[in-house]
Protein chains: 2
Amino acid sequence: MDSYDEKILRMLMANARATWSDLASSIGLSSPAAADRVRRLEEKGIIKGYGVAVDPELVGYFCTAFVAVTLERAELRSDFLHLIDCLKEVQECHHIAGDYDYLLKVRCINTKDLDRVISSGLKSLPGIRTRTTIVLNTLKESTRLPLDQVHPEKGE
Amino acid sequence: MDSYDEKILRMLMANARATWSDLASSIGLSSPAAADRVRRLEEKGIIKGYGVAVDPELVGYFCTAFVAVTLERAELRSDFLHLIDCLKEVQECHHIAGDYDYLLKVRCINTKDLDRVISSGLKSLPGIRTRTTIVLNTLKESTRLPLDQVHPEKGE
DNA sequence: TATGAAATGGATTGGCC
DNA sequence: GGCCAATCCATTTCATA
């Protein structure tokens with residue numbers, strides 16, 4: 001992870017479909033060298049994959065919500081994690097400190113669809129307690145890391 | 001937005017660096033047709049961009065938190081939104097229903113860095129109240145939309 | 001690990017349906 | 001809107017440092 005790698009990550013964060021030659025010239029290396037570095041970043045697991053940012057509303061997803069979850073019995077944990085894995089509407093699942101155990105980010109078609117995910121999906125487990133926070137409007141949503149301070153000793 | 005476009009989005013969500021010919025053959029079109037469709041999806045705003053998924057911990061970001069924010073006076077709103085825009089550590093900002101006004105997702109180097117973002121960043125505004133929830137572990141984090149039910153009438 | 005040149009293969013353009 | 005064919009350009013490989 002030197003400054004070339006940082007530039008590569010920054011470039012790919014801005015446009016993952018950039019050609020190797022664009023990538024290479026923008027960071028000041030030859031194409032083979034840039035491609036080699038990207039392959040190594042992939043092998044190290046620093047680059048986990050490439051994706052596309054789709055406007056959720058333009059494809060019919062009008063409802064975003066955060067669902068805080070508490071499991072009333074510890075035995076539920078593995079069932080819960082499996083359920084989360086299967087529910088495509090659950091985009092994120094974080095184990096959190098505080099009053100609740102997990103925080104989920106859920107993306108649905110509308111509130112009726114959210115009801116389905118919560119009532120037929122999550123609540124299909126017994127001893128699960130939820131608190132849902134509806135998102136009224138999303139003002140910022142970036143998958144980019146700050147990348148101001150990359151720790152070089154990591155990822156080697 | 002017909003079934004070809006849906007397949008394109010699904011393919012790009014899985015690997016945005018796929019070549020045109022891979023993309024084309026996987027959806028059953030010729031390369032120029034596939035490239036045309038992607039260009040149209042970009043023009044319509046359905047595709048907002050392409051990105052790379054970087055492992056946060058492997059580049060030194062060990063702390064994720066959700067910060068709920070309440071603004072005590074409505075006049076703060078524009079200053080707050082400008083601040084959010086500038087703070088690179090704030091990856092997401094959602095206007096929410098409920099006890100708090102906004103929910104932020106924040107990605108930092110460590111808890112000390114989180115303290116800096118909250119104390120010197122957010123709290124630099126007067127009348128702002130926050131409640132921070134630390135993420136202990138992230139079990140799922142995908143930027144993919146479910147895309148099970150694309151509304152064809154939208155995005156035309 | 002980087003470079004440069006050669007060979008390969010994919011992307012783009014234009015004509016046509 | 002899509003296909004095919006031809007041109008053009010990017011990627012990959014290999015030899016070298």
With B:Tyr102, the side-chain hydrogen bond (donor to acceptor under 3.5 Å, both in side chains) member among B:His94, B:Glu92, B:Arg77: B:Arg77
Pairing residues for B:Asp55 by the side chain to side chain contact (heavy atoms under 4.5 Å, CB included) criterion, not counting sequence neighbours: A:Lys48, B:Glu57, B:Leu58
Main-chain N/O of B:Arg39 paired to B:Asp36 side chain as donor or acceptor, under 3.5 Å: no
Spacing of B:Cys86 atom SG and B:Leu81 atom CG [to the nearest 0.5 Å]: 11.0 Å
Sequence-distant partners of A:Arg40, side chain to side chain donor-acceptor pair (under 3.5 Å), two or more places apart: none
Within-4.5 Å side-chain heavy-atom neighbours: A:Lys7 and A:Leu23: no
Minimum-distance nucleotide to B:Trp20 side chain [options: C:dT1, C:dT3, C:dA11]: C:dA11
Those residues that, when tested against B:Asp115, pass side chain to side chain donor-acceptor pair (under 3.5 Å) (two or more places apart): B:Ser119
Helix axis bend for the helix from C:dT1-D:dA17 to C:dC17-D:dG1 - C1'-based end axes, five pairs, 10° rounding: 30°
DNA chain C: 5'-proximal contact among A:Gly28 and A:Arg17 (nearest heavy atom): A:Gly28
Qualifying residues under salt bridge (charged side-chain N to carboxylate O under 4.0 Å, His left out), relative to B:Arg17, sequence neighbours excluded: none
Touch class at under 4.0 angstrom, heavy-atom based, for B:Thr19 against every strand present: sugar-phosphate
A:Arg40 side chain near C:dA2 phosphate (N/O to OP1/OP2, under 4.0 Å): yes
Chain A contact limits on DNA chain D, taken 5' to 3' with a cut-off of 4.0 angstrom to heavy atoms: D:dA10 to D:dT13
Sugar-phosphate only, base, or nothing, as touched by A:Ser21 at under 4.0 Å among non-hydrogen atoms: sugar-phosphate
Sugar-phosphate, base or nothing in reach of A:Arg39, heavy atoms under 4.0 Å: nothing
